Amino acid sequence: MRDYRTRTAQKVHDHKTGRKCEDPKCKGDLEDSIINFGENLPEREITLGFSESEKSDLVLCLGSSLRVTPAANTVSYTHLTLPTIYSVQISVVAVSLKKK
């Protein structure tokens, strides 16, 4: 269990977590990898996603509704006429943890 908050930024588009890299040679600011609405996906990752989709026999979707483009469009790039799509959604409504 983490004993720190993963995100302390006050603004939605500020990705700094408030923590520093633990490598003594670095000590740089750590940033989250969340893509918020209104932000573009990194070009390298989306290009790679479409490229890999073209080679896929199966689409395994974890934690996404596949409703937001352009990532949702990767499914249509599979080489199959009717690709097999598995979508897994797990929702946690509330968790209460108490230290003993």
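The structure presented is a predicted model; accordingly, all values stated were derived computationally and were not measured.
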### Message
Can you give me the closest heavy-atom contact between E31 and T17, atom names plus distance?
### Response
C-CG2, 3.9 Å

### Query
At what distance, to the nearest 0.5 angstrom, does OG1 of T74 lie from CD of E54?
10.5 Å

### Query
Could you give the distance from CG (D32) to CZ (R19), rounded to the nearest 0.5 Å?
10.0 Å

### Query
Do you reckon F50 sits in the same ILVMFWY cluster as L41, going by side-chain contacts under 4.5 Å, direct or chained?
yes

#### Entry: N/O donor-acceptor pair under 3.5 Å between S53 side chain and G49 backbone
yes

### Query
Would you find a donor on one side and an acceptor on the other, under 3.5 Å apart, between the side chain of S56 and the backbone of E52?
yes

### Message
Let me confirm one number: the CG-CD1 distance from N40 to I46, rounded to the nearest 0.5 Å.
### Response
10.0 Å

### Query
Minimum heavy-atom separation for K20 to K27, with atom names?
CD-O, 3.3 Å

